[in-house]
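Presented below is the structure to which this report refers.
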Amino acid sequence: MKKQAAAAGKRILCAFCTSVAFFLASVALASAQPRWYRGNTHTHTINTDGDSAPDAVVRWYKEHGYHFVVLTDHTYRDRGVLTPVEGLNAVFALPGQFLVLSGVEVTDNFEGQPVHMNGIGVREVVLPRGGASIAEVLARNAAAIRKAGGVAQVNHPNYLWALTAEQLAGGDSAQHFELWNGHPGVHNLGGGGRPSTEEIWDAVLSTGRVLYGMATDDSHHFKPECAPQVVCPGRAWIVVRASELTREALLTALERGDFYASTGAELKSYAVDASGIRIELPEGDRRNPTRYRTYFIGKDGAVLKQDDSLTPAYTFTGGELYVRARIEASNGAVAWTQPVFVKDGKK
Ligand SMILES: [Zn+2]
Ligand SMILES: [Zn+2]
């Protein structure tokens with residue numbers, strides 16, 4: 001087109017060509033523009049200890065504003081199945097709108113302590129591998145999940161008070177862990193001298209190890225009405241920024257930490273560059289607006305800045321090691337962004 005315009009030798013045509021080229025580039029950019037996809041990476045069905053068939057579970061998530069759900073039934077040392085998702089996707093999947101991913105909860109233990117790890121998007125069943133220590137159990141199961149094509153996520157570290165920051169900081173363990181699990185029996189907030197999962201997170205990050213925080217339902221009960229002790233869906237999720245709604249794009253985004261975790265708080269936008277972090281938050285109902293307090297948190301859990309605006313921002317100073325944001329909404333919901341590791345003022 002440029003060649004034709006040059007041949008015509010008319011300025012107006014060249015200008016037109018430039019506009020067209022710019023327009024086409026914009027269209028190309030727009031179609032490649034990543035989008036945010038909401039999903040839950042921890043769900044059980046009747047194939048293990050859930051109360052509902054896979055299709056009922058999937059339908060619940062599709063009808064409640066999720067873009068994807070990962071079915072993660074338990075596998076044990078002596079048995080386990082991978083709940084097939086092809087038939088479910090044939091019925092429920094819609095391009096760009098909804099997708100079911102296969103998964104497992106590798107249900108291992110060490111000397112009676114639970115060591116549970118989800119394999120998100122695995123292509124085949126993964127049975128627990130065991131090991132001579134909790135660190136070895138974590139490492140062996142994470143390796144088996146990766147070998148099966150999945151992303152490994154350590155589950156509910158405070159369930160039976162089983163896992164510590166030292167164990168999670170081991171270099172061979174999973175790179176994702178449940179910062180928030182919606183099951184009422186997993187002690188996310190710690191207490192009695194035991195750290196919360198968020199304190200465990202900062203302890204691991206402060207060693208320099210990259211660990212991403214997930215929020216999940218661990219849903220088991222879809223039949224009874226939701227109540228505090230019912231392990232129902234809809235309590236916690238992640239929102240992933242991916243190029244498209246496919247297994248590959250979602251797993252790639254998870255692996256690079258391009259997502260946030262939430263118990264209900266939503267981000268309008270999230271941007272990181274070499275100078276800092278910028279967030280936009282939705283005001284909601286103008287007459288009864290949601291208000292926020294955002295904490296930017298660094299090494300050892302130190303609060304680096306508090307920002308009460310709808311556009312919280314943080315400028316790197318260098319030497320923080322990492323910076324992450326915890327956004328508290330006035331309705332009690334929380335969102336957590338992933339740690340950005342900072343070196344000499346640059347991300
Ligand atoms: Zn579990
Ligand atoms: Zn579970």
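One-based numbering, in listed order, for ligands and for the atoms of each.
Using modelled atom types, one finds a donor on one side chain and an acceptor on the other under 3.5 Å when comparing Gln153 with Glu178. Judged purely by distance below 3.5 Å, without hydrogens or angles, the side chains of His42 and Asp218 pair a donor atom with an acceptor atom. A donor-acceptor contact closer than 3.5 angstrom links the side chains of His74 and Thr107. No side-chain N or O of Tyr292 forms a donor-acceptor pair with one of Asp307 less than 3.5 Å apart.
Proximity of a side-chain donor or acceptor of Lys305 to a complementary backbone N or O of Tyr314 within less than 3.5 Å is not detected.
For the Zn ion (ligand 1), the neighbouring protein N/O/S atoms at less than 2.8 Å, given as residue and atom, are Glu105 OE2, His116 ND1, His156 NE2.
Through direct or relayed side-chain contacts under 4.5 Å between Ile, Leu, Val, Met, Phe, Trp and Tyr, Val186 connects to Tyr159, Leu160.
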